[in-house]
Amino acid sequence: MTPRAPFRPLAVFGIPTVIALVTAVGLVAALLDDGVVDAVSWAALSVPVLTTVWCWRKRKR
Amino acid sequence: MTNRTIRIWTVIHKWTSLICTIFMLLLCLTGLPLIFHDEIEALTAEDTLPPMPAETPLKSLDEAVASALATYPGERPLFLSFDVDRPVVNVTTGPGARPPVSQMHISAIDLRTTRILADLNEDGGFMHVMLRLHVDLFAGLPGELFLGFMGFLLLLATLSGVVIYAPFMRKLSFGTVRAGRGRRLKWLDLHNMLGIVTLMWVVVVGLTGVINTLSVPLVAYWRANELAAMIAPYEGKPVPERFTSVDAAVRTAMEAAPGMRPQFVAFPGVRFSSNHHYAVWLKGATPATNRILTPALIDAETGAFTDMRSMPWYMLALRLSQPLHFGDYGGLPMKVLWAVLDLLTIVILGSGLYLWIARRRLVQNRRAQDNHVQDRRLQDHAAGEAAE
C-alpha cells in the first residue's frame, strides 16, 4: 500500500470551521435583537452562499 | 485514520443517506414555499382591518370569545391568542377540550367591534398540503415522529460526511471543483464542497426540525411533570362548569408579571393548561426575551392567581427550535438566504444520490470486465486442454 499524504487538520478543516462559526453567529444574532443585528445575520449567512459561488467560479475545467 | 475506520464511516454515510434522502428531498421541496408562507398568505389575505378612529375603545376579551361562540354554537373556547401589531385576537373553539385540529375553528376578531374578520380554519389549499407533507405526511403523530427519525438519520449522514471529507481532501485545497475530468469527479467535488460549506446551517435546521417533531411528547411530559407540580392542590378536580372572566384572568396574570405581555391564553382542559385553570402564556417585552414564554395559572372558577413558573430547558429548546427552523426571525433577506441554502441542500441530496448510482455502475462495469477476462482465460484453458 502506498503511504498516504499526512492528514493536516488545519489545512482540511480550517476554512470550513471558520465558515461554520460565521454561520452560527448569523443564526443566533437575529434572535437577540431587531434592526442592525438583522443585517449582521444577513452578512454572516451570505458567507456560505458566496463561498459556493466563489468555488464554482474558480472550478478547474 | 486507518482504512478500516474510513470504510466504516463510508458505510454509515451511505446507508443513513440512502434511507433519508427521499424524505429530505420532500422536506426541502415542501419547505421552500413554507419559508415564505407569510408573504404568500398576505397575497390572499381577507382580514384587512377596517379603518376606525385611533382612540376607539376596545371591547373585552370575554365579548370577543362570545362572538366566536355565537358563530360556532355548541362549541367551547380552547385558545385565545393576541396579534402583535393590531387590536385583533384569534379565538380557537372546538367541540371538546382536546379535539383533533381538523375539528377546531379559529376566528380572527376585531377587538374594537368584536366582529369576526376572517376564519383561519384549515382550508385544504396548496399551503396546507405543503405544511402537512412537511410536518407529518398526513399521518398525525406517527408521521411526525417518523420524519423526526429521518431527520436524525440526516444528522448522522452529515456527521459521517464530515468524517470522510477529511480523507477526500487530503491532497486537495479547500473548495476544489475538478469540472474537466468527468461528470462523476465534478459532482463528487461539488457534493463535498456544498456539504462542508452549508454544514452549520444544515445541522441547525436539521436538529431544530427533529426537536419540533418531538413537540407533542415534550408538551405531554411538561404537563405531566412541571404543570402537575404547579397545580397539585387541584388534583382530581373536574373542569369547572363556568369559567370566570378571561379578561380579568389576563389582567391578573399581567399584574403578577410586570413588563411581560400575553402571547396566548389556554382555556381549562386543553393541552397547554390544567383542567381547572386559565394558563396565560406571557412573553418578555424585548426582542431577546419575547421568545421565552412563562405560563401564569389563574383559577378559572375563582379568578385567583395560582402559580407562575419559568419553562424547563426542554420547553425552551422546543420554543427556540421554531424560529431557527423556520428562518422567519430576520426579515425577508433572511428568508431569501434560507431559500438559497435550502436549494443548495437539494443539490447536495441529488448529487449524493447520483454519486451512489454512478459508483454502483462503475463497480458493476469493473466486475463485468473482470468476469469477461476470466471467461476468456477459462476458454483459452479449455481450448488448450482439448488440443492436447
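Note on naming: letters A, B, ... go to the chains in the order of the sequence lines (proteins, then strands), and numbering restarts at 1 for each one.
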Q: For each of B:L320, B:T198, B:L324, tally heavy-atom pairs with chain A at distances under 4.5 Å, and name the one with the top tally.
A: B:L324
Q. Looking at A:S41, A:G14, A:A20, which one has more heavy-atom pairs under 4.5 Å with chain B than the rest?
A. A:A20
Q: Would you mind checking which part of B:V203 comes under 4.5 Å of any heavy atom in chain A, side chain (CB onward), backbone (N, CA, C, O), both or neither?
A: neither
Q) Do A:L27 and B:Y329 pass the side-chain contact (heavy atoms from CB on, under 4.5 Å) test, and can you show the C-alpha distance, the side-chain angles, and the key distance before you say yes or no? A) CA-CA 9 Å; A:L27 289 170; B:Y329 59 105; 3.8 Å; yes
Q: Working to the nearest 0.5 Å, report the span between OG1 of A:T52 and CG of B:L344.
A: 5.0 Å
Q. Out of B:M200, B:M193, B:K186, B:R181, which one racks up the most heavy-atom pairs below 4.5 Å with chain A?
A. B:M200
Q: Determine whether more than 12 heavy atoms belonging to other residues, nucleotides or ligands lie under 6.0 Å from atom CZ of B:F168.
A: no
Q.
Please classify the contact of A:I19 with chain B as side chain, backbone, both or neither, using a heavy-atom distance under 4.5 Å.
A. side chain
Q: Sort B:L172 into side chain, backbone, both or neither according to what part of it lies under 4.5 angstrom from a heavy atom of chain A.
A: neither
**Q.** Closest non-hydrogen atom pair between B:R170 and A:R8, with its separation
**A.** O-NH2, 3.9 Å
Q | Where B:A166 and A:V12 come nearest, the two heavy atoms and their spacing | A | CA-CG1, 3.9 Å
Q: Report the relative orientation of the aromatic rings in A:W54 and B:F174; use parallel for angles under 30°, tilted for 30 to 60°, perpendicular for over 60°.
A: parallel
Q: With a 4.5 angstrom heavy-atom cut-off, could you sort out which part of B:P323 is near chain A: side chain, backbone, both or neither?
A: side chain
(Q) Could you report the tightest heavy-atom contact between B:V197 and A:P48, atom names first, then the distance? (A) CG1-O, 3.1 Å
(Q) How close do B:G175 and A:K58 get, counting heavy atoms only, and between which atoms? (A) O-NZ, 4.3 Å
(Q) Does B:W187 have more than 12 heavy atoms from other residues, nucleotides or ligands lying within 6.0 Å of its CH2? (A) no
**Q.** Heavy-atom donor-acceptor pair, A:W42 side chain to B:G330 backbone, under 3.5 Å
**A.** yes
Q: Taking all heavy atoms of A:F13 and all of B:V162, pick out the closest pair and write down the distance.
A: CZ-O, 3.4 Å
**Q.** Closest non-hydrogen atom pair, A:P16 against B:I196
**A.** CB-CG1, 3.5 Å
Q) For A:A11, is it the side chain, the backbone, both or neither that has a heavy atom under 4.5 Å from a heavy atom of chain B? A) neither
(Q) What verdict does the side-chain contact (heavy atoms from CB on, under 4.5 Å) test give for B:M334 and A:D38, after you've listed the backbone C-alpha separation in whole Å, the side-chain angles of each residue and the deciding distance to 0.1 Å? (A) CA-CA 8 Å; B:M334 180 183 257; A:D38 281 348; over 6 Å; no
Q | Which portion of B:M169 sits near chain A, non-hydrogen atoms under 4.5 angstrom | A | both
